[in-house]
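What follows is a set of notes on a single structure, which appears directly below.
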2 protein chains.
Amino acid sequence: MAATLITPDQCADSIMTVVPAVTRFLRASIRSHGKPHLSLSQLRVLYFLQRRSQSSLSAVADYLDVTRPTMSAMVDRLVQRGLVHRSPDPSERRRIILSLTPEGTATMERVYRATQQTVADRLEALSAAQLNQISAGLALLSTLFEEPHVSALGQAHGDTE
Amino acid sequence: MAATLITPDQCADSIMTVVPAVTRFLRASIRSHGKPHLSLSQLRVLYFLQRRSQSSLSAVADYLDVTRPTMSAMVDRLVQRGLVHRSPDPSERRRIILSLTPEGTATMERVYRATQQTVADRLEALSAAQLNQISAGLALLSTLFEEPHVSALGQAHGDTE
DNA sequence: GTTAGATAGTTAGGTGAGCTAATAGTTAGC
DNA sequence: GCTAACTATTAGCTCACCTAACTATCTAAC
């Protein structure tokens, strides 16, 4: 409708404005739903671990694009809360294997679904065409800005094809 | 075309995946361009102050959707770096007036433009139609997830020259 | 006018995400 | 066997967030 000609600069401008706003919304949603408060980053770690269980710390760090020390500290907190389990890898003894505890799985699913629902509630107001418009835009952004190896997360929402 | 039927849940899923990825990209871009390193949040504060100069601390906090103590600490850092100036409001003596210093304006514009350019570079690969698709999606997200008062930032991308 | 309530900003104290640099242990290459 | 590369951790830092509590100021009500 208002789709006049857009320059990359203007589009970049929009990205820089909208993305932080949505980030704040996501953070607030997660906070309001988690009884043991999860951060957005923690949720992403748990979400990743659910589908790539037995990952090494480095693998998770690479996927989420943070340094290993950062991930090490994050895992510390998650282990301390009983959501993640660290175990040694027998074949590679410098590596650790990360996996979700049952509680970690439950917490992750609960918070993820609740957050997803909060976001979906906002989207309810839209028409199917508008939903598709958002979805198409996000898909493009995904190809442009996601780290290549992160695409597994991006693909993961499409098992209903 | 590839726009099959999308459920709100799937769309929410995409949002939760893509938005953090783009956030990371923005953060990395800003970091790489600022000589005095600015954070994404700091850039947003400076960006806002440029077009709403003489704002009070609360006004900025409300716009960026953070608490006053958080904004107070952020302003502390920006003042310490000589980018922002705190002055008393003569008519309301409990209020402070925030404004960019010349250096603050210069730093903001440099970092903002460089970041915008980095983002725009990625967007160059797209067709006009794809650009419009992203733009349209972002516009919708903006109406859904931005705080009402923040819309001024969203409108603001067309005033250079 | 004084007193009660709201409002603006700060301070104190905490959690968590992020970084770099340096370290210990492990594996692999030569 | 020695070195080089890799995995994870520790230490030390900055910054973005939060809540609770405090000061100062303004407003309104009595």
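Just so we're on the same page: letters track the sequence lines, and every chain starts at 1.
Counting non-hydrogen atoms under 4.0 angstrom, B/Thr67 reaches a base of the nucleic acid. At the heavy-atom level, B/Ser41 lies under 4.0 Å from the strands shown only through sugar-phosphate atoms. In this structure, A/Ser39 reaches the sugar-phosphate backbone alone: every heavy-atom distance under 4.0 Å involves primed, P, OP1 or OP2 atoms, never a base.
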| CA sep, side-chain torsions, deciding dist, call: A/Leu144, B/Leu126, side-chain contact (heavy atoms from CB on, under 4.5 Å) | CA-CA 9 Å; A/Leu144 291 175; B/Leu126 301 178; 3.6 Å; yes
Evaluate the criterion side-chain contact (heavy atoms from CB on, under 4.5 Å) for residue pair B/Thr101 and B/Val84; output intermediate values, then yes/no.
CA-CA 5 Å; B/Thr101 63; B/Val84 164; 5.7 Å; no
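Distances shown here put every side-chain N or O of A/Thr70 at or beyond 4.0 Å from the OP1 or OP2 atom of C/dG18. Using a 4.0 Å cut-off, some side-chain N or O of B/Arg24 falls inside it from OP1 or OP2 of C/dG18. Distances shown here put a side-chain N or O of B/Ser58 below 4.0 Å from the OP1 or OP2 atom of C/dG9.
One atom, CD1 of A/Ile96, and another, P of C/dT26, lie 14 Å apart when rounded to the nearest Å. Atom CD in A/Glu92 sits roughly 9 Å away from atom C1' in D/dT7 (whole-Å rounding). The interatomic distance linking A/Arg68 (CZ) with C/dG18 (P) rounds to 16 Å, in whole Å. Atoms CE (B/Met74) and P (C/dG9) sit 15 Å apart, rounded to a whole Å. Protein atom CG of B/Asp62 is 14 Å distant from nucleotide atom P of D/dC17, rounded to whole Å. Atoms CZ (B/Arg86) and P (C/dT10) sit 4 Å apart, rounded to a whole Å. Rounded to whole angstrom, the span from the CZ atom of B/Arg77 across to the P atom of D/dC17 amounts to 9 Å. Atom P of nucleotide D/dC17 and atom CE of B/Met71 are separated by 8 Å, given to the nearest angstrom.
If A/Gln42 and B/Ser55 are placed on DNA chain C by their nearest nucleotide, the residue sitting closer to the 5' end is B/Ser55.
Remark: A/Arg44 is not positioned above the aromatic ring of A/Phe48, lacking an NZ or CZ atom under 6.0 angstrom from the ring centre and at most 45 degrees off the axis.
Contact annotation: side chain of A/Arg94 to base of C/dT26, donor-acceptor pair present below 3.5 Å.
The residue from A/Leu78, A/Val66, A/Leu38 that alone fulfils the side-chain contact (heavy atoms from CB on, under 4.5 Å) condition with A/Val45 is A/Leu78.
A salt bridge links B/Arg86 with B/Asp76: the closest approach of a Lys/Arg side-chain nitrogen to an acidic carboxylate oxygen falls below 4.0 angstrom.
The side chain of A/Arg27 has D/dC17 as its nearest neighbour among C/dA21, D/dT25, D/dC17. The side chain of A/Arg95 approaches D/dT7 more closely than any other nucleotide in the set C/dT20, C/dG9, D/dT7.
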